[in-house]
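Inspection log for the structure reproduced underneath, given as structure tokens.
As the structure is a prediction and not an experimental result, all values here were calculated from the model. We name chains A, B, ... by the order of the sequence lines, and we start the count at 1 in each one.
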Number of protein chains: 2
Amino acid sequence: MSVQLNETHNPALRSWVNSANSSDTDFPIQNLPFGVFRRAGSHEQFRIGVAIGDQILDIHLAQQAGIFAEVTNSALANALAASSLNALMNLGNGVSSQVRLALSKALREGASAQEKLVGALIAQVEAEYALPAQIGDYTDFYTSIYHATSVGKLFRPDNPLLPNYKWVPIGYHGRSSSIGVSGQQFRRPIGQTMPPNAATPSFGPAKRMDYECEVGIFIGQGNALGDAISIDQAEHHVFGLCLLNDWSARDVQGWEYQPLGPFLAKNFASTISPWVVTIEALAPYRKAWQRDAADPQPLAYLEHADLRTSGAFDIQLEVLLQTEKMRQDDLSAQRLSLSNFSHSYWTVSQMVTHHTVNGCNLQAGDFLGSGTQSGPLPEEAGSLLELTEGGKKPIVFSNGEQRVFIEDGDSIIMRGWAQKDGAPRIGFGEVEGRLLPARSF
Amino acid sequence: MSVQLNETHNPALRSWVNSANSSDTDFPIQNLPFGVFRRAGSHEQFRIGVAIGDQILDIHLAQQAGIFAEVTNSALANALAASSLNALMNLGNGVSSQVRLALSKALREGASAQEKLVGALIAQVEAEYALPAQIGDYTDFYTSIYHATSVGKLFRPDNPLLPNYKWVPIGYHGRSSSIGVSGQQFRRPIGQTMPPNAATPSFGPAKRMDYECEVGIFIGQGNALGDAISIDQAEHHVFGLCLLNDWSARDVQGWEYQPLGPFLAKNFASTISPWVVTIEALAPYRKAWQRDAADPQPLAYLEHADLRTSGAFDIQLEVLLQTEKMRQDDLSAQRLSLSNFSHSYWTVSQMVTHHTVNGCNLQAGDFLGSGTQSGPLPEEAGSLLELTEGGKKPIVFSNGEQRVFIEDGDSIIMRGWAQKDGAPRIGFGEVEGRLLPARSF
């Protein structure tokens, strides 16, 4: 599919929600990401909302106010009144695009709906979030060649980048049940590790705790078992993107991962940001995707002309760490890295098409991780394993604290945004998660 | 937990459903496996049933007939009226044991409930099945050391059994969406492979199609994220067992599986048997589980006194193949192998405990595969890859046909049963699945 701009992308649009017109908001009227929220601390049913400035528009209330009158049918009415995005995702991107247009019209300066909608707003600081969708299956890819190479060097010094990497968008299945939304806190995992030069494994809390900075991909309309999604149709099946922290216990991983891949090193927790930015909202930030001329070109099923002009996404990805002491001293989180999703060796379309080429069925609400997004420069690495060269080179913070891996009480914060002159900033908000001490054992 | 027999195991029990008293039925009154069914070809809601002889007792109708009056509360009443087993599984094995006892009493010869229940029976030949539960997450283990060694030899001749095998119950996450119930038919998957001595990968239908004979494990009550399930509690969290065919495309697997494990080689289809045999029903068939004295003993979290007396299950596992020609010629399926689940190097309890030791949360209806159950003898191998020594030694059938891998139109049938003198046969029924030709591409 080729990327097209429509009236929702108009940079001149302003909203009657004032905070949405600020140049540094993640959520201007051109963004309109979807999420699932309720009043913090309440026992209300979770419901669907859209972020606008520092507010959330309650979509069910907006529906009751009549703003979707032009697009509504009973399937959509039910989807908009649901407590997760699965049903809306399942209706396909054509429908969510219509919903987005109706929201854009209703939230514009001068919109007649303003009066009816004021009561449908809730401040983001007063909200809490649930996962945007019930995630049936979660697949994690491995699309950064810089990450694959530098991690490969640490796990297999003589064989860092395997021969399949430039042909196959490598992916593997992950754990759905332990995916949580930003704010997730979890205990340091306990498990088996094999210390260097030891004869028998050790058992206890993992020592090499790490994060992985990834882009998360929510599937919209799926495919039937046995059908494949062609590369030119792939983005029609992607509802939108968010941020993903794929927490990792490196010492557990090193001991368990052969021959069937990581398991307990990854499935104790994964944390995602609450807002799903639609593929449509990101249209101004599409970028040419081009391989090194020296690299093999993708096989035909993974190749499409549009990939060469607009296959990539120009999304900045920032990782920060805040220790318990920083929180106590009111010091803000410190940056660990800044990279960009456009460095990805494989595109979102290629992930979707490869995943289904064998007939595997994707379902609305399924979730893909991009894999750790490390860029070509050392300071663009998306994990501590890479930034500290396997735990050998500590990161020293401005308050004198230092880290090689994550310590108990540390928070990891990831932010993502797309920004350029002449177009509004399309932000992802943030995903924050915190490591708690291991349980007693 | 130690294994205890109760009145439902009494070998002298007979049912007023005559077919349940036959010595070769899989489903005597001492079994009572749970499944989800409806009248074949109908659009009825699927509902929960229990297999008895060649019949199914509709549990919702049985409830209306009052046979659970002694054990019912509103949560159980809802669970028994549901269209999947998740809610019953979530109530824990104490509750499903009470349900089983009530069923045993109502189905016995002379039971006063007989008259009320006759109308709640449907013949199995008139039924079709759904998955017993909505499967949130599916994890596949690798518990046969014979399989791991012989497959390891084919994929890694110089390094067949990796050093972690005898310490870690190796497992990895699988795909839930493509799990189907017996009768599943699916197209030969298409994908990338790297032919021997080729410089670039090929693309097309997989050529080395295989099955894997596994035991499937349905989780009952789960655990909260961050909690672990101790080895002595593990079986309280297992609802029951079934049969699993983990279809595999070996040529896809060989090219894609490093470093993150099998993906498209496995996720196009997996087929399970419709009936879930409870852990309780298998009590007479528990067996001592003992490692070779020369092998390392499991770490403490995986070790428990009961494992030494009753950790294993004495379940026969048979695999058969029926070609299209055999079907046309009315020739019955031909046996490929016969093995036993008691050869497993790791127990069901060890799988559950290992899976949660890091705090990973299991949920009711989650599904574990045991991994291919190959025994020590060549004819006990649970896959064609092993039986044909990597496709080099064809299997010749009585009608002259031969196979190294599965061909289009072939059905694979797996059966499982536990049997010994003085105890009734506890059968699993069968799981059948068929490979269709690849889609055009």
Where does Q184(A) contact chain B at under 4.5 Å (heavy atoms): side chain, backbone, both or neither? side chain

Taking only Lys NZ, Arg NE, NH1 and NH2, and the carboxylate oxygens of Asp or Glu, determine whether E212(A) and R250(A) approach each other closer than 4.0 Å. yes

Looking only at R187(A), K266(A), H354(A), R156(A), the option with the highest number of non-hydrogen pairs under 4.5 Å against chain B is H354(A)

Can you tell which part of L302(B) gets under 4.5 Å to a heavy atom of chain A, answering side chain, backbone, both or neither? side chain

H355(B)/F263(A) under side-chain contact (heavy atoms from CB on, under 4.5 Å): CA gap, chis, key distance, verdict: CA-CA 9 Å; H355(B) 202 317; F263(A) 179 49; 3.6 Å; yes

Take the angle between the ring planes of H147(A) and Y142(A) and call it parallel below 30°, perpendicular above 60°, tilted in between. perpendicular

Regarding Y345(A) and D295(A), do their side chains bring together a donor and an acceptor under 3.5 Å, going by distance alone? yes

H173(B) and Y138(A) side chains, donor-acceptor separation under 3.5 Å: no

Select, from P189(A), A300(A), G261(A), S177(A), the one with the greatest count of heavy-atom pairs under 4.5 Å involving chain B. S177(A)

Quick check on L362(B) against chain A: is it the side chain, the backbone, both or neither that has a heavy atom closer than 4.5 Å? both

Pick out which of I229(A), N223(A), I231(A) makes a side-chain contact (heavy atoms from CB on, under 4.5 Å) with V352(A). I229(A)

When P296(B), P259(B), P262(B) are compared by non-hydrogen pairs under 4.5 Å with chain A, the top option: P259(B)

Chain B heavy atoms under 4.5 Å from I190(A): which part of the residue, side chain, backbone, both or neither? both

Under a 4.5 Å heavy-atom cut-off, does chain B meet the side chain of L225(A), its backbone, both or neither? side chain

Test ring-ring contact (aromatic ring centres under 6.0 Å, His included) applied to F367(B) and F218(B), F239(B), F141(B), the passing residue: F218(B)

Which portion of T139(B) sits near chain A, non-hydrogen atoms under 4.5 angstrom: side chain

Selection from Q258(B), E256(B), Q192(B), Q134(B) maximising heavy-atom pairs under 4.5 Å formed with chain A: Q192(B)

Toward chain A, the part of R439(B) with a non-hydrogen atom under 4.5 Å: side chain

Could you check whether Y146(B) and E386(B), counting side-chain N and O atoms only, form a donor-acceptor pair closer than 3.5 Å? no

Give, as side chain, backbone, both or neither, the part of R188(B) having an atom under 4.5 angstrom from any heavy atom of chain A. neither

Can you tell me if W247(B) and S270(B) form a side-chain donor-acceptor pair at under 3.5 Å? no

Within 6.0 Å of CD in Q363(B), more than 12 heavy atoms from elsewhere: yes

Could you go through D246(B) and T372(B), starting from their C-alpha distance and side-chain angles, then the distance that decides it, and tell me whether this counts as side-chain contact (heavy atoms from CB on, under 4.5 Å)? CA-CA 8 Å; D246(B) 183 30; T372(B) 311; 5.8 Å; no

Using a strict cut-off of less than 4.0 Å between a Lys/Arg side-chain nitrogen and an Asp/Glu carboxylate oxygen, indicate whether K207(B) and D251(B) qualify as a salt bridge. no

Is L260(B) close to chain A through its backbone or its side chain, or both, or neither, when contacts mean heavy atoms under 4.5 Å? both

Pair count under 4.5 Å, heavy atoms only, with chain A: among Y257(B), Y165(B), F203(B), F186(B), highest is F203(B)

Can you tell which part of F268(A) gets under 4.5 Å to a heavy atom of chain B, answering side chain, backbone, both or neither? both

Side chain, backbone, both or neither: which part of D366(B) has a heavy atom under 4.5 Å from chain A? side chain

Counting heavy-atom pairs closer than 4.5 Å to chain A, which one of G180(B), G152(B), G174(B) comes out on top? G174(B)

Highest number of heavy-atom pairs under 4.5 Å with chain B: which of A206(A), P163(A), G359(A), A269(A)? P163(A)

Sort L264(B) into side chain, backbone, both or neither according to what part of it lies under 4.5 angstrom from a heavy atom of chain A. both

Going by atom types only, do T353(A) and Q350(A) share a side-chain donor-acceptor pair under 3.5 Å? no

Who wins among T356(B), V168(B), L162(B), N267(B) for the most heavy-atom pairs under 4.5 Å with chain A? N267(B)

Closest-packed option against chain A by number of heavy-atom pairs under 4.5 Å, given G191(B), G222(B), A228(B): A228(B)

